[in-house]
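These notes are about the structure you will find just below.
As the structure is a computational prediction, the values presented were derived from the model and not from experiment.
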Amino acid sequence: MKKIFIKTAFVGLLSMGLTSCADDLNISSIDPQTSSTYEDMQLLAKIYSTMGLTGQKGPAGNSDISSDEGESGFYRTTFNLMEQPTDECNWAWQTDTDIPQITSIGWNSSSPRVQWCYQRLGFNLTLCNFYLANTADKAEDSNYKLYRAEVRFLRALYYWYFLDLWHKAPFKDETYAVDALPVCMEGKDLYNWLDNELTEIEGELAPIGEFNSSANFGRADQGSAYILHARLALNSAVYTDGAVKDYQKAVEYSDKVINSGKYALATTPKAHPTNGLTYSGYAQVFMADNDQNPEAMKEIILPIRQDGKSTKCYSGANYLVSSMRIVGMPYMGTTNGWSCNYARPNLIQKFFPAENIPMSSEKAPDDATEADIIALDAQDGSDTKSILAAAGDDRALFYAGRGGGIRKLHVEKMANFLDGISIVKWQNIRTDGGTTNDVEFPDTDIPLLRYAEAFMTRAEAKWRLGDTEAALNDINTLRARANAKALTNLTEQDVIDEWCREFYMEGRRRSDLNRFDMFVGKKYIWDWKGGVAKGQSVDSHFKFYPIPIDDINGNPNMAEHQNAGY
């Protein structure tokens, strides 16, 4: 990671602008590498802000790392590696750099998109270690003990992404010399380090649910650590090559979240005062006022703070909202319609096994207004409201109407946004009918960790431990919230499909498929897996990403640790 730690990190510590969570700490921007008078709290603001921002100026200019700034954000880079190669979505613009390799599972150690993610995680880790090293003398101060625990949690989060995506990490902590190169920490060793680190900090973080409030929304408390610890334990067999199977620990940490009484699933529908739509509790979690609407907030354990006024970038909520829309769709909520990400047929099949999703088959008139499109879609039964009713599941947030053009379900070539059904799960619309801060850059916070995960984690862990009845209870809790019919039995396919139905397009699908041994190989084939229309098996070495060749060449500590097959 020589390029990250030496070439980019020292010029990239300037804070671009502050998220709301940073403002709550009364923090201002600073560059600790060039100023001898920086304040620790200012650096803490930068550490939190890099979850949702990409540089010092925004939305572009003076970026943290030396790649395309719009592509370099934490959420966008991790989302792409977790979602683009899977059965959930496809990127329409196959001429974009490295997209065919990512969407078809054919990358190599020179893949730019793999490197962008590796660099972003490395940069964010640098900030965490810098803060911890420079506050070591204040570790016993009660305030700093809390802040340091939060930073240690974020550092653990980034190392979790390294473990999940690469099965190893270029490891440093605050005890290493500033100019020391990271060492390679792999598989079981990194798993054990994360297990111990999370255990150590849990008692030092704010009590569970403490920051599930408007005053501190966006900061990490015990709830964040518990849910990440449960996730880590659920994936233990993958991370340790079968040496550890901590499913009971996954249950125990899920219990800590569920039994705390500090969170709840969003369940109460809300009628929009002007557009005529009613949004389910599930839908509200992904809308523009999810940091102010108590119904949504009570489910979100840790959000990435976003608002269209002070966190302008192309890598956060803007990416999620804009990439899934095309000009002409109704209820856009934004002036941006990038027409990029759309649903693969296999995602639609999770809600419509017979592929009988209602779709428009006639083009709208060229002079059709938004009101005309809405009326025609209702007439066709292809609007989101009709799709939700046909699916019998509040989570089926898709659009197959006339807006932007006629969509298809199966195609022989991936080249067009209309080659699939549109996903409208992420919205820059407020449930209260209020005006958003910006019509281009969304206000929608990204629920990075949310309460529903505790139910799915506990369900899968119980299922793996042989307690099918308990697993069914947890899955049916989520299905009841979605007004979906309860399941009466539970197969392996049911469990992995329910993960998809609850969490599609939230930046985790590859991780879940890997845990079921379905990402590589031939156990599960989806459209365009391996780059062919009907899908094909892919080699097992694609289970994890390669260490970028630049890091192999620049860091002798990583040179002997490339993943097999690259």
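A cation-pi arrangement is absent between Arg120 and Phe74 under the rule of less than 6.0 angstrom and at most 45 degrees off the ring axis. A cation-pi geometry, defined here as NZ or CZ lying under 6.0 Å from the six-membered ring centre and within 45° of its normal, holds between Lys425 and Phe286. Taking the ring centre of Phe153 as origin, the terminal cationic atom of Arg148 falls outside the region bounded by 6.0 Å and 45° from the ring axis. A cation-pi arrangement is absent between Arg152 and Tyr159 under the rule of less than 6.0 angstrom and at most 45 degrees off the ring axis. In this structure, Arg509 is not positioned above the aromatic face of Trp499 in the sense of NZ or CZ being under 6.0 Å from the six-membered ring centre and within 45° of the axis.
At a threshold of 4.0 Å, the pair Lys270-Glu295 does not count as salt-bridged, since none of the basic side-chain nitrogens sits closer than that to a carboxylate oxygen. The pair Arg458-Glu453 fails the salt-bridge criterion, with no side-chain N (NZ, NE, NH1 or NH2) lying under 4.0 Å from an Asp/Glu carboxylate O. Ion pairing of Glu252 with Lys256 is absent here, as no side-chain N (NZ or NE/NH1/NH2) approaches a carboxylate O to less than 4.0 Å. Ion pairing of Glu460 with Arg515 is present here, as a side-chain N (NZ or NE/NH1/NH2) and a carboxylate O approach within less than 4.0 Å. The pair Asp394-Arg479 does not meet the salt-bridge criterion, since no charged nitrogen lies less than 4.0 angstrom from a carboxylate oxygen. The pair Lys462-Asp474 does not meet the salt-bridge criterion, since no charged nitrogen lies less than 4.0 angstrom from a carboxylate oxygen. Using a 4.0 Å cut-off between a side-chain N of Lys or Arg and a carboxylate O of Asp or Glu, Arg510 and Asp164 qualify as a salt bridge. A salt bridge is defined here as a Lys NZ or Arg NE, NH1 or NH2 lying under 4.0 Å from an Asp or Glu carboxylate O, and Glu204 with Lys145 fails to meet this definition.
For the pair Thr54 and Ser63, the minimum side-chain heavy-atom distance is 4.5 Å or more. You'll find the side chain of Cys500 stays beyond 4.5 Å of the side chain of Glu498, heavy atoms only. At a threshold of 4.5 Å between non-hydrogen side-chain atoms, the residues Glu299 and Pro447 do not count as touching. In this structure, the side chains of Asp467 and Glu469 come closer than 4.5 Å at one or more pairs of heavy atoms. For the pair Ile475 and Met456, the minimum side-chain heavy-atom distance is below 4.5 Å. Looking only at side-chain heavy atoms (C-beta outward), Phe516 and Val495 come within less than 4.5 Å of each other. Put simply, the side chain of Gln248 reaches to within 4.5 Å of the side chain of Leu465, judged on heavy atoms. No side-chain heavy atom of Ser315 sits under 4.5 Å from any side-chain heavy atom of Phe79.
Between Phe171 and Trp193, the ring center distance clears the sub-6.0 Å criterion. A ring-centre distance under 6.0 Å is found for Phe441 and Tyr314. With ring centers used as reference points, Trp166 lies 6.0 Å or more from Phe544.
With hydrogens and angles disregarded, no donor-acceptor distance shorter than 3.5 Å links the side chain of Asn290 to the backbone of Thr444. Looking only at distances, no side-chain donor or acceptor of Glu174 sits under 3.5 Å from a matching main-chain atom of Asn129. Within the 3.5 Å criterion, the main-chain N or O of Met505 finds a donor-acceptor partner in the side chain of Glu88. Although no hydrogens or angles enter the test, the distance criterion places a donor-acceptor pair under 3.5 Å between the side chain of Asn134 and the main chain of Phe130. A donor-acceptor contact shorter than 3.5 Å is absent between the side chain of Arg450 and the backbone of Leu302. A donor-acceptor distance shorter than 3.5 angstrom exists from the side chain of Asn555 to the backbone of Pro182, with no hydrogens or angles considered. Between the side chain of Asp289 and the backbone N or O of Thr431, at least one donor-acceptor pair lies under 3.5 Å. Of the possible polar contacts, none joining the Asp221 side chain to the Ile208 backbone as a donor-acceptor pair under 3.5 Å is found.
Checking Gln284 against Asn293 by side-chain atom types alone, a donor-acceptor pair falls below 3.5 Å. Between the side chains of Glu210 and Asn216, no donor-acceptor pair is found at a separation under 3.5 Å. Inspection of the Glu186 and His167 side chains reveals no N or O donor paired with an N or O acceptor under 3.5 Å. Trp160 and Tyr239 are linked by a side-chain donor-acceptor pair at a separation below 3.5 angstrom, with hydrogens and angles left out of the test. Arg113 and Gln84 form no side-chain donor-acceptor contact under 3.5 Å, judged by distance and modelled atom types alone. Judged purely by distance below 3.5 Å, without hydrogens or angles, the side chains of Asp246 and Tyr253 never pair a donor atom with an acceptor atom. Side-chain contact check for Lys138 and Tyr147: no donor-acceptor pair (N or O, by modelled atom type) lies under 3.5 Å. A donor atom on one side chain and an acceptor atom on the other are not found under 3.5 Å apart for Gln427 and Tyr279.
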| said: Please determine whether side chain to side chain donor-acceptor pair (under 3.5 Å) holds for the pair Tyr161 and Asn124, giving the CA-CA distance in whole Å, both sets of side-chain angles, and the decisive distance to 0.1 Å. | reply: CA-CA 12 Å; Tyr161 275 99; Asn124 288 9; over 6 Å; no

| task | Please test Asn318 against Lys312 for side chain to side chain donor-acceptor pair (under 3.5 Å), starting from the C-alpha separation and ending with a verdict. | result | CA-CA 8 Å; Asn318 190 23; Lys312 296 179 186 290; over 6 Å; no

| task | Evaluate side chain to side chain contact (heavy atoms under 4.5 Å, CB included) for Glu150 paired with Leu146, printing each intermediate quantity in order. | result | CA-CA 6 Å; Glu150 291 178 46; Leu146 173 62; 3.5 Å; yes

| Given the rule in the side chain to side chain donor-acceptor pair (under 3.5 Å) test, do Asp307 and Ser310 qualify, once you have shown the distances and angles that lead to the verdict? | CA-CA 6 Å; Asp307 78 68; Ser310 60; 2.8 Å; yes

| Where do Lys245 and Ser236 land on the side chain to side chain donor-acceptor pair (under 3.5 Å) test, with the steps shown first? | CA-CA 5 Å; Lys245 295 181 179 179; Ser236 55; over 6 Å; no

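Scanning all heavy atoms of the two residues, the minimum distance from Leu198 to Ala156 falls at CD2-CB, 4.0 Å. Of all the heavy atoms in Asn428 and Ala288, the pair that sits closest is OD1-CB, 3.6 Å.
Here CD1 of Ile258 is found 7.5 Å from CD1 of Ile227. Values are rounded to the nearest 0.5 Å. Atom CZ of Phe162 is separated from atom CG of Leu121 by 5.0 Å, given to the nearest 0.5 angstrom.
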